[in-house]
Amino acid sequence: MNKKSQPLADELKPYLAPFRYDGTGEFHLKSHKTDAKGGLDKEKATRIIEANRKRLAEFQEKLYAQDRWSLLLIFQGMDAAGKDSAIKSVFEGVNPQGCEVTAFKVPSTKELDHDFLWRSMIALPERGRIGIFNRSYYEECLVVRVHSEILARQKIPQKLVTKDIWKERFEDISAVERYLSRNGTVILKFFLNVSKKEQRERFLERLEDPAKNWKFSLADIGERALWAKYQAAYQDMIHYTASRAAPWIVVPADHKWFARVVIGSTIVAALEQLDLHFPKVDKADRSEFKQVREALLAEEDGAKKKDG
Ligand code: AMP
Ligand code: MG
């Protein structure tokens with residue numbers, strides 16, 4: 001709760017509800033704007049971003065101390081959608097001991113020797129921790145769907161690869177997310193929804209600014225050419241894998257500052273719902289603490305007397 005004791009979910013409502021899809025009703029990616037600003041300007045947004053950082057840092061301490069829930073945050077989006085910088089910005093000021101970021105790249109030979117969820121399962125957050133996935137198993141319904149040659153490289157027995165494979169992946173992912181949620185993992189999935197036009201601007205910046213050159217890969221242009229196929233894959237993926245246990249947040253990402261408002265607000269509102277608190281010390285421990293404290297105080301007094 002904030003100063004006025006108004007729940008964060010109410011205060012932050014304009015940055016939550018319009019972007020969240022939990023599987024109820026229809027979903028049309030095309031009707032989600034990439035350049036929404038939620039009635040904010042950059043200055044107002046900055047104040048909300050900073051307030052959310054403080055809230056997040058406080059919740060994270062309790063999450064860690066309580067050691068019951070874990071938080072899994074998934075970030076997906078086209079190249080230059082702002083996944084890396086959003087993660088960097090939203091988590092500024094959060095104790096690094098309680099967070100772990102895993103970036104999922106092209107699978108290694110060892111990873112290809114396992115089922116597609118394996119590498120993500122071993123990276124899941126422990127209780128009390130926040131796990132941040134920069135890309136995730138959802139690539140299996142995105143890049144792998146758009147490029148049939150990648151699927152061919154995945155040593156799955158031939159007869160198991162049918163036209164139903166994407167539907168099956170959506171089902172399996174949803175089942176695993178439901179399972180995790182039933183075991184205390186809170187899951188939030190962010191799709192950074194950037195326009196093709198804004199991607200062009202960001203690619204140009206990466207090409208022109210020597211400090212950003214490294215972020216650009218020639219392969220990114222090839223993926224850009226497949227924009228429509230990716231949009232169709234995102235539409236399907238969000239439609240079939242959004243659930244109350246693991247909603248998708250379709251984040252307008254053309255304005256990085258607004259994306260940060262939506263992401264931070266979503267996370268703090270979800271944490272608020274967990275009713276986190278520091279664990280209480282029981283009566284027996286408390287009386288022992290009292291004795292230890294007195295002994296420690298006596299030690300200091302003794303030392304002072306000796307010195308003096
Ligand atoms: P980046 O996030 O720019 O470092 O790029 C990582 C690359 O790894 C992207 O091109 C992803 O599409 C690719 N990638 C991630 N997961 C998979 C996967 N399961 N199969 C194939 N490619 C993947
Ligand atoms: Mg890249």
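Note that ligands are numbered from 1 as they come in the structure, with each ligand's atoms numbered from 1 the same way.
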With heavy-atom distances below 4.0 Å as the criterion, list the atoms of ligand 1 near [X].
X: R119; answer: 16 (N), 17 (C), 18 (C), 19 (N)
X: E140; answer: 19 (N)
X: V144; answer: 20 (N)

Looking at [atom], what's its closest protein heavy atom, distance included?
atom: atom 3 (O) of ligand 1; value: R135 NH2, 3.7 Å
atom: atom 18 (C) of ligand 1; value: P107 CD, 3.5 Å
atom: atom 12 (O) of ligand 1; value: E139 OE1, 3.1 Å
atom: atom 8 (O) of ligand 1; value: V106 N, 3.2 Å
atom: atom 4 (O) of ligand 1; value: K105 NZ, 2.4 Å

Looking at F191 versus Y21, is the centre-to-centre ring distance below 6.0 Å?
-> no

For the rings on F116 and Y137, is their centre-to-centre separation under 6.0 Å?
->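 Ring centres of Y137 and F116 not closer than 6.0 Å.
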
Can you find an N/O atom of [X] closer than 3.5 Å to an N/O atom of ligand 1?
X: V143; result: no
X: S136; result: no
X: Q154; result: no

For atom 10 (O) of ligand 1, is the nearest protein heavy atom under 4.0 Å away?
->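 Answer no: nothing from the protein, no heavy atom, is under 4.0 Å.
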
Do R260 and S85 come close enough that some side-chain heavy atom pair is under 4.5 Å?
->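 Yes - at least one pair of side-chain heavy atoms lies under 4.5 Å apart.
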
Answer whether the closest heavy-atom distance between the side chains of E140 and Q154 falls below 4.5 Å.
-> yes

With distance as the sole test, does [X] use its side chain to make a donor-acceptor pair with the main-chain N or O of [Y] at under 3.5 Å?
X: R206; Y: F216; result: no
X: Q66; Y: L276; result: no
X: R55; Y: A269; result: no

Would you mind telling me if ligand 1 is within reach of the side chain of E223, the backbone, both or neither, using heavy atoms under 4.0 Å?
-> neither

Do W248 and T241 have a side chain donor and acceptor closer than 3.5 Å?
->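 Checked: W248/T241 side chains pair up, N/O donor to acceptor below 3.5 Å.
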
Give the minimum heavy-atom separation between Q76 and E139, together with the two atoms involved.
->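 Answer, listing the atom of Q76 first, then E139: NE2-OE2, 2.9 Å.
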
